[in-house]
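Naming: A, B, ... by sequence-line order, numbering from 1 per chain. All values below come from the heavy atoms of this structure, side chains included, with hydrogens, waters and symmetry mates left out.
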There are 2 protein chains.
Amino acid sequence: MKRVTPKSDGGTTQKALLGLLSLGSMSGYDIRALISWSIGHFWSESYGQIYPALKRLAALGLVEKKTERTKGRPDRHVYSLTRQGQVQLKEWLRLSPVAEVQRNELLLKLFFGRHTGVDVSRAHVLALVVTQQSALRVYEAIGKRLRREKKNDPSLPYWLMTLSYGRHRSEALLQWAKETLRVLERMERGEVWRKERGDAHK
Amino acid sequence: MKRVTPKSDGGTTQKALLGLLSLGSMSGYDIRALISWSIGHFWSESYGQIYPALKRLAALGLVEKKTERTKGRPDRHVYSLTRQGQVQLKEWLRLSPVAEVQRNELLLKLFFGRHTGVDVSRAHVLALVVTQQSALRVYEAIGKRLRREKKNDPSLPYWLMTLSYGRHRSEALLQWAKETLRVLERMERGEVWRKERGDAHK
DNA sequence: GGGTGCATGTAATGGGTTACATGATTCT
DNA sequence: AGAATCATGTAACCCATTACATGCACCC
């Protein structure tokens, strides 16, 4: 049986691109570059998504394409929002965000941690510490850049909110990691202790 | 050109199923039910994944299928880990977890919040408050159940760690939401103030 | 009589990454 | 000489959800 509802609103990728183009006209390549230091800490798109999506958006009349000829390099295809695109973007922004599906491989491995023992779990948790510390440094760098280069942009407070989200989250995860490492250590000592009395290894 | 490396290790779904089956033999239906109150807060699988994956695992010899006839109901297909399956699971557990791609629609909408104004952003943040508060209640309920029913299970500490992760995360997000709501309010007042002097609306 | 739970599975559809393909320019 | 950057795009594949398909039992 065929699906009746067309359904396909094109997905969030298209909406994200509309949003980015609302900051200024850009090529697919530019978009990728912009993502990395603006929304890269909570959103990602690959070329395999970006280029086809831009084409579809153009076909829908939500963006407009202009080709800039350059010497040597391939032509730059610069896209800009149309009025329709602006409207669509605003409509989408009002809808409440759909809850994302959580899939946390670290927690999955930790959950089954008994099969490997304390040291493997500890290594996984320590890896999280490293990534979150580096995430915090990234947030700081982006924050500085924003406050310097976008001092008078009316969007600045919104951008800082997303950074703050990342900071809160990372700091909480670091706190959790600290506690978890303590627990793992206690477990290790407990295991040794039990082992000496001969009732370890199930 | 054909891909040379077979690549397909079957993905994490299969590994998650191996893990769950390490807790006891189960049917696909049981697995879905178990997920919801054990790893449901950080992992999800749909039937459309579970049934085909179990079939593949059986073909690989990592699980064994036994059919239980029941009256009235369809046959129950109960799967259990084979020795090979246990080995595979342990091997996978040792590998460091791959970082998951973040895709946070709330932050995306907040990032472009200027296009809609303060009240829309506020609504989105308030929705987050609701979901995180309910998440906290879920964690509490699961914690109680675990401490009651799995008092002597050697895996208990690992399971509690994953719960604690959720708690830390949710509490941090609530904290962030509180701060963000304050910022939004300040912005609103700022906007009004400016509006009265006639330089609002970009 | 109708909803919910038990119980299995497949097909259509959608979303997304990675590898491939191309090729000039600029920096080291 | 070789790597990195600019710049575009497609094809293959993988992963995942949702809807469909089926049907009995039990409770209200």
What integer distance in Å separates [X]:[atom1] from [N]:[atom2]?
X       : N      : atom1 : atom2 : value
B:Glu45 : D:dT18 : CD    : C1'   : 15 Å
B:Tyr79 : C:dA7  : OH    : C1'   : 12 Å
B:Tyr51 : C:dA7  : OH    : C1'   : 6 Å
B:Gln14 : D:dC15 : CD    : P     : 9 Å
B:Arg56 : D:dC15 : CZ    : P     : 8 Å
A:Arg32 : D:dT5  : CZ    : C1'   : 14 Å
B:Met26 : C:dC6  : CE    : P     : 15 Å
A:Asp75 : C:dG23 : CG    : P     : 15 Å

Would you indicate, yes or no, if [N] has its OP1 or OP2 atom less than 4.0 angstrom from a side-chain nitrogen or oxygen of [X]?
X       : N      : answer
B:Tyr47 : C:dG9  : no
A:Lys55 : D:dT8  : no
A:Thr13 : C:dG16 : yes
B:Ser27 : C:dT8  : yes
A:Ser46 : C:dT18 : no

Would you classify A:Ser44 as touching base, sugar-phosphate or nothing, given that sugar-phosphate means primed atoms plus P, OP1 and OP2, and contacts are heavy atoms under 4.0 Å?
-> sugar-phosphate
Check each of A:Trp159, A:Trp43, A:Tyr158 against B:Phe111 using the ring pair (Phe, Tyr, Trp, His ring centres under 6.0 Å) test, and report the only one that passes.
-> A:Trp159
Looking just at side-chain N and O atoms, do A:His115 and B:Ser22 make a donor-acceptor pair shorter than 3.5 Å?
-> yes
Please say whether the positively charged group of A:Arg76, taken as NZ for Lys or CZ for Arg, lies over the ring of A:Tyr29, i.e. under 6.0 angstrom from the six-membered ring centre and within 45 degrees of the axis.
-> no
Among [options], which nucleotide has an atom closest to any side-chain atom of [X]?
X        : options               : value
B:Lys65  : C:dG9, C:dG16, D:dC15 : C:dG9
B:Arg103 : D:dC15, C:dG16, D:dT8 : C:dG16
A:Gln49  : C:dG16, D:dT17, C:dG5 : C:dG16

Under-4.0 Å salt bridge between A:Lys109 and A:Glu105 = yes
Is B:Glu149 paired with B:Lys144 through a side-chain N to carboxylate O contact shorter than 4.0 Å?
-> no
Closest to the 5' end of DNA chain C, once B:Leu54 and B:Val101 are matched to their nearest nucleotides, is B:Leu54
Taking for B:Asp30 and for A:Gly48 the nucleotide of DNA chain C with the nearest heavy atom, the one nearer the 5' end belongs to B:Asp30
